[in-house]
Amino acid sequence: MTPRKKLQGLVAATVTPMTPDGQINLSVIRQYVDYLVSEQHVKNVFVNGTTGEGLSLNIQERKQLAEEWVCQGKDKLDHVIIHVGALSLPESQELARHAAVIGASAIAVIAPFFFKPTNKGELIAFLQKVASEAPAVPFYYYHIPPLTGVTIRVEELLDGIKERIPTFQGVKFSDTDLLDLAQCINKNEREQFVFLYGVDEQLLSALAIGANGAVGSTYNYLGRKANLMLQAFAKPDLALAQKYQFLTGEFLNFVIKLGFGVAQTKAVMSFVSGIPMGPPRLPLVDASEEFVVKAKAKLDSIMWPDGD
Ligand SMILES: CC(=O)N[C@@H]([C@@H](O)[C@H](O)[C@H](O)CO)[C@@H](O)CC(=O)C(=O)O
């Protein structure tokens, strides 16, 4: 899928639908695409990432999901980004080649996190080996140190990256370090890199320092509200944008106290969309019934600004 538009705005980090016995469930992806576009006004997806339990899937499953999202997203979605990062370099390279063949809009790669790169050189070497397998596909570095433990600053990583990775387009920045993000944006004005922020509860702060958009799990079910926040910010109507950020934060603050992660995101997605997302895969375990009841009540109780 050749991207017609610049990648900006909201990108939903998709959940991987699974059957009750834990197999991937491709049969609901078309419905999922239609739901994102019509209900959430979200037309970009990030497949097989954290929310998608990508590192819990085998290579075959990841390929099947990538193909189904690209196929069902044709003429409906603007960008289908495939996360092809893996612990093993050959597997990541195989997924990158596959993403190129099926016409993914872009690929992203997480830092390997079992044997971790100890410096910029080692990380760039890994990323370069993957990116070069898809020489015509835009490449994004997926920075998520809370989960990888790889804390190499992105500002340092970006110095000279285009020479090493000509397809480098930007960063999916899923960390709270807004100093690092600000330095990245400030020092790469000329390069026009795309910075997509991945801590949904702080998106407005990232927009203020120049993030181009966001990739996150909450855009699966709060995408419409997040889009209204983006519009308010662009007007500018900062007070309204703050209101949206406060309210999404109210929900996230509440569910985080209950214990919130990918399994709970799957449960919220199931009751908001009506699409059965099924259970997570071990070591994740299903959200409790108590969580579902409380999260649904909280979400229903939030008084969004008039007109939503
Ligand atoms: C740790 C984690 O899952 N972070 C999420 C956020 O969207 C997160 O769910 C959200 O900020 C709520 O805490 C994303 O950054 C992850 C992501 O983009 C992905 O699923 O690939």
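In each ligand, atom 1 is the first atom listed, and ligand 1 is the first ligand listed. One-based numbering along the sequence shown. Just so you know, these numbers use all the heavy atoms, side chains as well, and skip hydrogens, waters and symmetry mates.
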Identified side-chain hydrogen bond (donor to acceptor under 3.5 Å, both in side chains) partner of Lys63 from the options Glu94, Glu68, His98: Glu94
Atoms of ligand 1, numbered as shown, that sit under 4.0 Å from any heavy atom of [X]:
X: Ala13; value: 17 (C), 18 (O), 19 (C), 20 (O)
X: Ser174; value: 15 (O)
X: Val199; value: 11 (O)
X: Gly216; value: 7 (O)
X: Val215; value: 18 (O)
X: Glu201; value: 10 (C), 11 (O), 12 (C), 13 (O)
X: Phe46; value: 21 (O)
X: Asp200; value: 6 (C), 7 (O), 10 (C), 11 (O)

Residue and atom name of the nearest protein heavy atom (relative to [atom]), distance in Å to one decimal:
atom: atom 3 (O) of ligand 1; value: Thr50 CG2, 3.8 Å
atom: atom 1 (C) of ligand 1; value: Ile144 CD1, 4.0 Å
atom: atom 17 (C) of ligand 1; value: Lys172 NZ, 3.0 Å
atom: atom 9 (O) of ligand 1; value: Ser217 OG, 2.6 Å

Check: Tyr244 ring centroid to Phe233 ring centroid under 6.0 Å: no
Tyr142-ligand 1 polar pair, N/O distance under 3.5 Å: yes
Ligand 1 to Gly198 polar contact by distance, N or O atoms, under 3.5 Å: yes
Side-chain donor/acceptor of Ser56 to backbone N/O of Arg281, under 3.5 Å: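 Not at all, since once roles are kept as given, no pair shorter than 3.5 Å links the two residues.
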Main-chain N/O of Asp177 paired with Asp180 side-chain donor or acceptor, under 3.5 Å: no
Phe193 and Phe168 aromatic ring geometry - parallel, tilted or perpendicular at 30°/60° bounds: perpendicular
Geometric cation-pi criterion Lys172 and Tyr141, 6.0 Å radius, 45° cone: no
Lys298 charged N/C atom sitting above Phe254 aromatic ring, 6.0 Å / 45°: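 Satisfied, under 6.0 Å and within 45°.
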Checking side-chain polar atoms at under 3.5 Å, does [X] have a donor or acceptor matched by the opposite partner on [Y]?
X: Glu122; Y: Thr118; value: yes
X: Tyr142; Y: Thr50; value: yes
X: Tyr219; Y: Gln40; value: no

Min heavy-atom dist His83 to ligand 1 below 4.0 Å: no
